[in-house]
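Indexing begins at 1, ligand by ligand and atom by atom, following the structure's order. Since the structure is predicted, the reported quantities are computational estimates derived from the model, not experimental observations.
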Amino acid sequence: MADFKAALKDAQDVLRTWTSRGLIVTPDAEDLSKAMSHALHGGKALRAFLVLESSRLHGVERQIAERAAFAIECIHAYSLVHDDLPCMDDDDLRRGLPTVHKKWDEATAVLAGDALQSMAFEMMLHHSMGPHRAETTKTLAMAARFMVRGQMMDIEAETASEPLTLKQITYLQSGKTGALIRWSGTAGPQLAGEHSEELGRYADALGLAFQIADDVLDVEGDEATVGKAVGKDAGAGKATFVSLLGLDAAKLRARQLVDEACDALSCYGEDAETLKEAARFVITRTH
Ligand code: GRG
């Protein structure tokens with residue numbers, strides 16, 4: 001686990017560096033920059049890690065990989081800020097800290113999310129991002145839109161007459177959670193102007209395992225460790241992988257997906273060891 005932990009810490013450092021480069025947050029700075037910076041703070045930086053690692057495997061220049069890693073975390077942070085709003089999940093706590101609308105107000109949270117999304121595209125289209133920046137930015141936009149579609153399906157399911165089936169939940173989550181993870185895991189080859197079926201399969205399996213682990217944490221985790229409210233899905237009577245499969249079968253499915261993710265990487269040999277460790281981490285994480 002040592003390599004993965006170091007690589008994840010590296011991704012967190014990259015995120016911190018680019019946050020302070022992109023946002024001037026002095027004590028008298030405007031609330032928008034402070035709120036954006038707050039939203040980018042304190043996460044695991046798993047998506048940034050996936051961008052950096054898939055970029056390393058495909059020989060992408062470090063500066064390019066770092067910008068793309070920052071961009072995906074901006075999109076991820078925007079989605080969390082908006083997801084926490086009273087009109088969506090209505091959460092007070094995120095990453096163990098007050099959510100943006102609690103620390104400031106709803107208007108600031110909406111605008112901080114909007115500005116984070118814009119900043120992501122600004123980063124991706126910077127002239128230094130190499131010859132494949134336009135195509136890679138287009139797939140990022142598509143992933144962000146698929147995420148929103150997944151969120152919409154999730155909201156619609158709350159008032160539907162029938163609970164979602166396993167097939168429907170799997171599709172919903174492949175958008176809501178999976179789309180950004182898939183983009184992150186394939187960003188390296190995309191930025192290099194290449195294609196990797198193997199990283200695509202790895203990232204798809206990882207994304208689904210990640211979501212199942214999230215559903216398990218909602219049942220088994222405690223608020224202090226997870227850093228956000230737990231038990232919300234069961235409380236709302238929502239269909240999840242745990243409610244549909246049962247706790248043990250959900251955990252088994254997540255383990256199978258991790259095996260599938262690792263198997264997909266065989267063509268990269270020992271070079272992919274850190275990505276394999278990441279897959280194992282995803283289902284053993286406590287937050
Ligand atoms: C509101 C546009 C919009 C989209 C919302 C991401 C999302 C879509 C909703 C978040 C709800 C949620 C908890 C989904 C489960 C998966 C997930 C994205 C968990 C958070 O990701 P982590 O654990 O977070 O990587 P950190 O804090 O480590 O960055």
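- At least one N/O-N/O distance between Arg47 and ligand 1 falls below 3.5 Å.
- Cation-pi geometry between Arg47 and Phe70 is not met: the NZ or CZ atom fails to fall both under 6.0 Å from the ring centre and inside 45° of the normal.
- By heavy-atom distance, the residue among Gln173, Gln151, Glu73 lying nearest atom 8 (C) of ligand 1 is Gln151.
- Remark: minimum distance from atom 9 (C) of ligand 1 to any protein heavy atom is reached at Asp83 CG, 3.4 Å.
- In terms of protein heavy-atom proximity, atom 13 (C) of ligand 1 is nearest to Lys228 NZ, 3.2 Å.
- Atoms of ligand 1 lying under 4.0 Å from at least one heavy atom of Gln211, given by number and element, are 15 (C), 16 (C).
- The protein heavy atom nearest to atom 12 (C) of ligand 1 is Lys176 CE, 4.3 Å.
- Shortest contact from atom 17 (C) of ligand 1 to any protein heavy atom: Phe210 CE2, 3.8 Å.
- Across every non-hydrogen atom of Ala77 and Leu116, the tightest pair is CB-CD1, 4.0 Å.
- Chaining together hydrophobic side chains whose heavy atoms lie under 4.5 Å apart leaves Leu125 on its own.
- Scanning all protein heavy atoms for the shortest distance to atom 2 (C) of ligand 1 gives Tyr78 OH, 3.5 Å.
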task = Could you walk me through whether Glu106 and His101 pass the side-chain hydrogen bond (donor to acceptor under 3.5 Å, both in side chains) test, one step at a time?
result = CA-CA 5 Å; Glu106 282 181 44; His101 68 275; over 6 Å; no
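- Those atoms of ligand 1 that come under 4.0 Å of a heavy atom in Gly43, given as number and element, are 26 (P), 27 (O), 28 (O), 29 (O).
- Going from atom CE of Met123 over to atom OG of Ser128 covers 9.0 Å, rounded to the nearest 0.5 Å.
- The structure places CG of Asp215 at 6.5 Å from CD of Gln173, a figure rounded to the nearest 0.5 Å.
- With ring centers used as reference points, Tyr171 lies under 6.0 Å from Phe146.
- At least one N or O atom of His76, backbone or side chain, sits closer than 3.5 Å to an N or O atom of ligand 1.
- Nearest non-hydrogen protein atom to atom 23 (O) of ligand 1 is Lys44 NZ, 2.6 Å.
- Ring pair His58/Tyr268: centre-to-centre distance below 6.0 Å.
- The shortest N or O to N or O distance between Ser79 and ligand 1 is not below 3.5 Å.
- A donor-acceptor pair is defined here as one N or O able to donate and one able to accept, closer than 3.5 Å; such a pair exists between the side chain of Glu277 and the backbone of Phe4.
- Checked against salt bridge (Lys or Arg N to Asp or Glu O under 4.0 Å), Lys9 has the following partners two or more places apart in sequence or in another chain: Asp13.
- Near Arg95, with a cut-off below 4.0 Å to any heavy atom, the atoms of ligand 1 are 26 (P), 27 (O), 29 (O).
- Using a 4.0 Å heavy-atom cutoff, Leu46 is absent from the residues neighbouring ligand 1.
- If you check which protein heavy atom lies closest to atom 15 (C) of ligand 1, you get Asp214 OD2, 3.3 Å.
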